[in-house]
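For reference, the structure is listed below as structure tokens.
Just so we're clear, the structure is a prediction, and the values are computed from it rather than from any experiment. FYI, the numbering just counts along the sequence from 1.
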Amino acid sequence: MAGGGSSVGVPDYGGGVTFSVVVTSLMAASCGIIFGYDSGVSGGVTQMDSFLSKFFPDVIDGRKSAKVDAYCKYDNQWLTAFTSSLWIAGALSSLVASRVTRRVGRQAIMLIGGVLFLAGSVINAAAVNIAMLIVGRMLLGFGLGFTLQAAPVYLSETAPARWRGAFTSAYNAFVVVGILSATVTNYFTNRIPGWGWRVSLGLAAVPGAAVVLGAFFVSDTPISLVMRGQHEKARAALQRVRGGDADVDAEFKDIVRAVDVARQNDDGAFRRLFSKEYRHYLAIGVAIPVFYEFTGMIVISIFLPVLFRTVGFSSQRAILGSVINSMTNLASTLLSSVVMDRVGRRFLFVVGGLGMMLCEVAISWIMADHLGKHGGVTTAMPRSYATGVLVLICMCTFSFGLSWAPLRWVVPSEIYPVEVRSAGQALSISITLCISFVELQVFIALLCAMKYAVFVLYAAWLLAMTVFVVMFLPETKGVPLEAMQSVWARHWYWRRFVKVDARQHNEVNCL
């Protein structure tokens with residue numbers, strides 16, 4: 001079978017869902033609130049009249065012009081730079097975070113990220129010019145790069161193997177909670193004349209403070225502690241998260257063995273990722289973030305209020321539409337957390353990809369039909385057309401929240417061996433943030449130039465990535481991180497790149 005079979009035959013260390021692992025994982029996953037809030041808040045703020053009149057008066061003037069193409073009224077590079085600057089800063093800091101994480105651990109990285117979020121949110125709330133806006137967003141981006149690099153790995157290294165998908169996908173659930181919080185905040189602050197946008201941007205300090213405080217009350221992951229030579233603390237941390245009655249000997253020995261292998265190859269982790277021995281890790285680790293970006297959902301979710309204004313919604317209705325869409329995203333994300341460790345990663349990838357593809361084709365058809373019937377693009381859509389776009393975007397978001405949104409964090413955090421895990425995670429995050437920066441910077445211009453065809457482009461990518469998943473993604477459901485190599489060794493294509501030792505060879509032959 002193309003996908004690579006089930007997880008039968010790999011070791012099961014046991015251990016249940018303890019209070020300690022829940023609290024620890026919640027703290028790590030709460031970093032996602034900051035990511036979600038800062039992603040969601042910018043889209044609503046960039047269409048607020050109070051914000052635009054202070055920093056981007058040209059957009060206000062262009063929006064009032066009857067001659068301006070409805071799809072081009074928000075085409076301003078400085079306006080999109082306000083949103084996209086966060087992502088390029090995040091891409092740079094995630095590469096630095098990879099090296100720092102190996103030295104100081106996952107916990108310290110999340111603390112650093114929380115402090116940067118606090119600083120960025122204060123500067124944004126107090127901004128008096130575009131330069132302050134950009135500086136504040138870049139500080140938020142630096143914090144984002146640190147927490148994105150550490151939090152998903154923290155979750156995957158702490159959670160029990162049989163429930164790792166649910167725990168790691170909790171990060172995405174918190175991202176969606178952050179987006180929902182941002183859209184609800186924007187809905188109310190949009191009614192405040194003059195300075196409502198300051199409240200929206202400044203409230204990012206609340207989840208930032210929560211992460212800073214939370215980082216002081218949890219221990220680092222057992223793997224990270226072993227990597228820094230703190231074996232006694234590592235064993236105590238493992239016992240705590242697995243439960244006082246759990247026998248952690250076998251799991252701890254495998255962690256130490258994996259870390260010993262990592263130390264033998266301590267230098268050149270990024271270089272090794274590009275060698276033949278690690279080619280399968282690199283291929284999936286690069287493909288997942290690239291395909292994730294070309295679902296089109298990252299720009300749709302961030303610029304959704306602007307998109308709704310484009311098709312004819314008022315400011316309040318545009319933000320209300322974003323709230324409805326965020327609630328849909330949260331419902332599908334929670335559903336994904338429940339079923340992910342039962343049906344597997346590949347099944348959700350395929351179902352979600354096909355669902356998004358059909359919805360985006362339908363959105364492009366509605367937009368094309370409007371252009372054809374009205375003979376121009378200077379008028380907004382009729383209410384029935386705009387409502388259809390809203391419904392289809394919510395359906396597309398449901399498919400996204402069920403599949404690519406949570407799995408984007410789950411799969412890259414669990415596929416890499418420990419010696420290249422931080423480097424691999426950093427590479428995946430940097431790719432994501434770099435492409436996000438480019439997409440966010442050009443999406444409004446693409447919408448202006450391509451109109452409905454931009455959704456046809458995303459649908460074509462969704463078809464390609466779904467075929468890739470069917471052919472090349474192995475199933476990692478329920479497989480302990482230390483035994484992940486056996487999954488690759490069973491895959492019809494990737495097994496040619498895998499070297500297994502005698503113990504792993506016996507495990508594979510027993511399947």
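- Screening Val211, Leu144, Ile112 against Phe117 for a side-chain contact (heavy atoms from CB on, under 4.5 Å) leaves a single residue, Leu144.
- Nearest approach of Arg137 to Ser85, heavy atoms of both residues: CB-OG, 3.3 Å.
- Remark: the backbone N or O of Val176 is not paired with any side-chain donor or acceptor of Asn329 at under 3.5 angstrom.
- Using a 4.5 Å heavy-atom threshold, the side chains of Leu116 and Phe146 count as touching.
- In plain terms, the two heavy atoms of Pro289 and Thr432 that are nearest each other are CB-OG1, 3.0 Å.
- Within the 4.5 Å cutoff, the side chain of Leu462 has heavy atoms near those of the Thr295 side chain.
- Leu282 is listed as a side-chain neighbour of Phe274, based on a closest heavy-atom distance under 4.5 Å.
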Just list the side-chain donor-acceptor pairs under 3.5 Å for residues 437-447, sequence neighbours left out, or say none.
| residue | atom | partner | partner atom | Å |
| --- | --- | --- | --- | --- |
| Glu439 | OE2 | Tyr458 | OH | 3.2 |
| Gln441 | OE1 | Ser84 | OG | 2.5 |
| Gln441 | NE2 | Gln77 | O | 3.1 |
| Gln441 | NE2 | Gln77 | OE1 | 2.8 |
| Gln441 | NE2 | Thr80 | OG1 | 3.1 |

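- In this structure, the ring of Phe35 has its center less than 6.0 angstrom from the ring center of Trp87.
- A 4.5 Å side-chain heavy-atom check between Glu293 and Ser436 finds at least one atom pair inside the cut-off.
- Heavy atoms from other residues, nucleotides or ligands lying under 6.0 Å from CZ of Phe347 number 12 at most.
- For the pair Ser42 (side chain) and Ser39 (backbone), a donor-acceptor distance under 3.5 Å is present.
- No donor-acceptor pair under 3.5 Å is formed between the side chain of Arg279 and the backbone N or O of Ser275.
- The two residues Leu330 and Ala173 have their closest heavy-atom pair at CD1-O, 4.1 Å.
- The shortest non-hydrogen separation linking Phe142 to Ala89 is CD2-O, 3.4 Å.
- With rounding to the nearest 0.5 angstrom, the CZ atom of Arg228 is 12.5 Å from the CD1 atom of Ile223.
- For the pair Arg345 and Glu414, the salt-bridge criterion is met [side-chain N within less than 4.0 Å of a carboxylate O].
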* Phe455 and Val361: CA distance, side-chain angles, deciding distance, side chain to side chain contact (heavy atoms under 4.5 Å, CB included) verdict -> CA-CA 7 Å; Phe455 293 98; Val361 169; over 6 Å; no
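- Here the straight-line distance linking atom CG of Leu407 with atom OG1 of Thr476 works out to 8.5 Å at 0.5 Å rounding.
- Side chain of Arg408 to backbone of Ile288: no donor-acceptor contact under 3.5 angstrom is found.
- Closest approach of Thr147 to Gly113, counting heavy atoms only: CG2-CA, 3.9 Å.
- The CZ atom of Arg342 sits 12.0 Å away from the CG atom of Leu348 when rounded to the nearest 0.5 Å.
- A side-chain donor-acceptor contact under 3.5 Å links Glu475 to the backbone of Arg346.
- Not less than 6.0 angstrom separates the ring centroid of Trp488 from the ring centroid of Phe497.
- Atom CD1 of Ile34 and atom CG of Asp38 lie 7.5 Å apart (nearest 0.5 Å).
- Put simply, the side chain of Met356 reaches to within 4.5 Å of the side chain of Ser403, judged on heavy atoms.
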Tell me which donor-acceptor pairs under 3.5 Å the side chains of residues 391-402 have, and how far apart each pair is, sequence neighbours excluded?
| residue | atom | partner | partner atom | Å |
| --- | --- | --- | --- | --- |
| Thr397 | OG1 | Asn325 | OD1 | 2.7 |
| Thr397 | OG1 | Asn325 | ND2 | 3.3 |
| Thr397 | OG1 | Ile393 | O | 2.8 |
| Ser399 | OG | Met395 | O | 3.3 |

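- The only option from Trp404, Tyr292, Phe468 that meets the ring-ring contact (aromatic ring centres under 6.0 Å, His included) definition with Phe349 turns out to be Trp404.
- Rounded to the nearest 0.5 Å, atoms OG (Ser322) and CG (Leu390) are 9.0 Å apart.
- Considering all non-hydrogen atoms of both residues, Ser428 and Pro412 come closest at OG-CB, 4.0 Å.
- With rounding to the nearest 0.5 angstrom, the OG atom of Ser332 is 12.0 Å from the CE atom of Met327.
- Ring planes of His491 and Phe472: parallel class, angle under 30° (limits at 30 and 60°).
- Using bins of under 30°, 30° to 60° and over 60° for the plane-to-plane angle, the ring pair Trp494/His280 lands in the tilted bin.
- Arg496 places none of its side-chain heavy atoms less than 4.5 Å from the side chain of Lys276.
- The shortest distance between side-chain heavy atoms of Ile33 and Val175 does not fall below 4.5 Å.
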